[in-house]
Amino acid sequence: MKAAVIHGPGSVKYDTVEDPKINAQDDIILKVTSTAICGSDLHIYSGAMPTSPMVLGHEFMGIVEETGPAVTHLKRGDRVVVPFPVACGNCFFCNHDVPGNCEHSNPEHYGPEGGILTEKGGALFGYTDLYGGIDGGQAQYVRVPYANYGPRVVPENLTDEQVLFLTDIFPTGYTGVDWGEVKGGETVAIFGSGPVGIMAAKSAWLRGAAQVIIVDTLQYRLDKARVSTGSTTILWDDPKDVVEHIRSLTNGRGADVCIDAVGFEPERSLTDKIKATINFEKGSIKVLEACMSAVRRSGIVSVLGVYPVNYDNFPLGQFFDKGIILKGGQAPAHKYIDKLLEYVIQGKVQLDDIITHRLPLSEISHAYDIFNKKEDGCVKVVLDPWK
């Protein structure tokens, strides 16, 4: 089959690889009909997350081609969407609705410590050896483990593009709002107007937020976010000015909830990069720092962006003085996917309006290049594996 394979930093190629096979009795083989590039894939593409060559991609859906003998609720021909964590469905953490911590899906590198290169969480599709080494879905076919727990059958009257983002970015955006305990009437400030940030804004409106603010360094992404969500937008130039702007919109208090939808690889100055190098740190926590300044006292900061290493300059004093509640981690996509699918079915939310590029999988190198460089107005790329 054809697949997108990472060969090293900045090198994703359209390769011919072996077809996937049933390895366990509850596996399925999926013929992928649509897949997408996620912002977190760029951490692998940039070399910030070490990996050996593997098929990338954790946002995919398709048609069931083959089922293992223990698969009970799916059959050949079913059209399904697949949550991005690989989770067994019956361990302690799966039973407590945190499938990203599954005890069984990442046996080689799992552990309670959560170290930088050791004792990681559960497996993720197409996301390095540290997270299971399971090939992803930027391919014509993909093996899906634990198929009795993950895949959801989707209505035939909905297109792929209407439901594809139930795999990751919609559940992830919704997670940030749910962690923020948004019940109605709150101000939610979202840092990052990429796909996850836009989905967080859509989720905040669904939960009854009174005001949604989106911050980004690029005007074209803010323009897309404004059209897609109707939110207030702020262009990031100076972080202090951004924080003051948010306070000016909230009677001086700050936002009730701040969501970090950027992570450790924001746009950075040369000074920031030198500082990180001196501190032996990857990336920066500048966005998290801005969230902690912009949130009100006793407010909540939800961290959806990836942070794979430790940072010595974490603002612990501010965290304590303001009484901030801080939550982060892999989104529990399985927990929310059924509710979010209902929102789509009922027409309460539109997901496909963020797509800016529809490309054949054969153009995968170009797709990663423009998504990484934020060129050609690129916000979200959807790929057809059969072109």
Side-chain angles (χ1 to χ4, degrees), residues 20 26-38 57-68 71-89 94 97 99-100 124-126 134-175 178 195-196 198-200 202-203 206 228 331-355 358-359 361 380-387:
D26 57 352
D27 286 352
I28 62 170
I29 302 299
L30 201 67
K31 180 181 180 180
V32 180
T33 55
S34 294
T35 185
I37 303 174
C38 181
H58 56 267
E59 295 183 326
F60 60 88
M61 62 178 295
I63 308 296
V64 176
E65 183 82 4
E66 184 180 354
T67 63
V71 175
T72 57
H73 74 294
L74 295 174
K75 63 183 185 303
R76 179 182 170 89
D78 282 343
R79 179 165 164 261
V80 299
V81 64
V82 182
F84 75 95
V86 182
C88 72
C94 289
D97 282 332
L124 309 172
F125 285 103
I134 297 173
D135 281 331
Q138 289 172 8
Q140 293 178 321
Y141 295 93
V142 62
R143 180 179 72 92
V144 178
Y146 307 113
N148 289 321
Y149 182 56
R152 264 53 172 190
V153 177
V154 295
E156 286 303 314
N157 65 315
L158 296 176
T159 67
D160 276 17
E161 290 184 357
Q162 286 177 291
V163 295
L164 176 60
F165 303 142
L166 291 164
T167 54
D168 178 1
I169 58 173
F170 188 27
T172 297
Y174 189 86
T175 294
D178 194 48
V196 169
I198 291 176
M199 292 299 169
K202 290 175 181 284
S203 300
L206 283 170
S228 180
H334 298 70
K335 176 180 179 180
Y336 300 118
I337 189 170
D338 297 317
K339 175 192 291 187
L340 301 184
L341 175 57
E342 281 302 310
Y343 283 142
V344 175
I345 292 171
Q346 295 167 15
K348 292 183 177 180
V349 65
Q350 180 181 357
L351 308 183
D352 58 355
D353 59 351
I354 71 166
I355 300 170
R358 296 169 175 87
L359 297 171
L361 186 66
K380 190 65 176 180
V381 181
V382 173
L383 301 154
D384 184 338
W386 299 93
K387 292 183 179 179

> Once you round to the nearest 0.5 Å, how far does CG of Leu124 lie from SG of Cys38?
Replying inline: 10.5 Å
>> Can you confirm if the aromatic rings of Phe60 and Phe125 lie within a centre distance of less than 6.0 Å?
In response: yes
>> Any non-hydrogen side-chain atom of Leu74 less than 4.5 Å from a side-chain atom of Pro151?
In response: yes
>> When you compare the side chain of Leu166 with that of Met61, does any pair of heavy atoms fall below 4.5 Å?
In response: no
> Looking at Pro385 and Leu361, what are the two nearest heavy atoms and their distance?
Replying inline: CA-CB, 3.6 Å
> Between Ile169 and Pro195, which heavy-atom pair has the shortest distance, and what is it?
Replying inline: CD1-CB, 3.7 Å
> Do side-chain atoms of Lys202 reach the backbone of Gln350 as a donor and acceptor pair under 3.5 angstrom?
Replying inline: yes
> Just wondering, do Gln138 and Val32 contact through their side chains at under 4.5 Å, heavy atoms?
Replying inline: no
>> Run the side chain to side chain contact (heavy atoms under 4.5 Å, CB included) test on Tyr174 and Tyr343 for me, step by step, so that the C-alpha distance in whole Å, both residues' side-chain angles and the decisive distance to 0.1 Å come before the verdict.
In response: CA-CA 12 Å; Tyr174 189 86; Tyr343 283 142; 4.2 Å; yes
>> Return the CD1 to OH distance between Ile29 and Tyr141, rounded to the nearest 0.5 Å.
In response: 10.5 Å
> Is any NZ, NE, NH1 or NH2 atom of the basic residue among Glu66 and Arg76 found under 4.0 Å from an Asp or Glu carboxylate oxygen of the other?
Replying inline: no
>> So Val153 and Arg79, do their side chains get closer than 4.5 Å, heavy atoms only?
In response: no
> Are Ile63 and Asp78 side-chain neighbours, meaning at least one heavy-atom pair lies under 4.5 Å?
Replying inline: no
> Does a side-chain heavy-atom distance below 4.5 Å link Asp135 with Val142?
Replying inline: no
>> Does Lys387 form a side chain to side chain contact (heavy atoms under 4.5 Å, CB included) with Leu359? I'd like the steps, not just the answer.
In response: CA-CA 8 Å; Lys387 292 183 179 179; Leu359 297 171; over 6 Å; no
>> Treating Glu59 as the side-chain partner and Thr167 as the backbone partner, does any N or O pair qualify as donor plus acceptor under 3.5 Å?
In response: no
> Do you know which of Val344, Ile345, Val80, Val163 makes side-chain contact (heavy atoms from CB on, under 4.5 Å) with Val154?
Replying inline: Val163
> Thr35 side chain to Gly137 main-chain N or O, any donor-acceptor pair under 3.5 Å?
Replying inline: yes
> In Å, rounded to the nearest 0.5 Å, how long is the span from CG of Leu383 to OG1 of Thr33?
Replying inline: 12.0 Å
> Any donor and acceptor pair, going by atom type alone, linking the side chain of Arg358 with main-chain N or O of Val382 inside 3.5 Å?
Replying inline: no
> Tell me, do Val64 and Leu30 make a side-chain contact under 4.5 Å, heavy atoms counted?
Replying inline: yes
> What class does the angle between the rings of His334 and Tyr149 fall in, given that below 30° is parallel, 30 to 60° is tilted and above 60° is perpendicular?
Replying inline: parallel
> Between Pro85 and Ala331, what is the shortest heavy-atom contact and its length?
Replying inline: CG-O, 4.0 Å
> Under 3.5 Å, side chain of Gln162 to main-chain N/O of Thr159, donor-acceptor pair present?
Replying inline: yes
> Where do Lys380 and Ile354 come nearest, in terms of heavy atoms and distance?
Replying inline: CB-O, 3.5 Å
>> Just to verify, what does Phe165 make a ring pair (Phe, Tyr, Trp, His ring centres under 6.0 Å) with, not counting sequence neighbours?
In response: none
> Taking all non-hydrogen atoms of both residues, which atom of Cys88 and which atom of Cys94 are closest, and how far apart?
Replying inline: N-SG, 3.8 Å
> Does a side-chain heavy-atom distance below 4.5 Å link Asp27 with Arg143?
Replying inline: yes
>> Closer than 3.5 angstrom, by distance alone: can the side chain of Asn148 be matched with the main-chain N or O of Thr72 as a donor-acceptor pair?
In response: yes
> For Ala87 and Pro99, which heavy atoms make the closest approach, and how far apart are they?
Replying inline: CB-CB, 3.5 Å
>> Using ring centroids (six-membered ring only for Trp), state whether Phe84 and His58 fall under 6.0 Å.
In response: yes
> Between CD1 of Ile355 and CG of Leu164, what distance do you get to the nearest 0.5 Å?
Replying inline: 7.0 Å
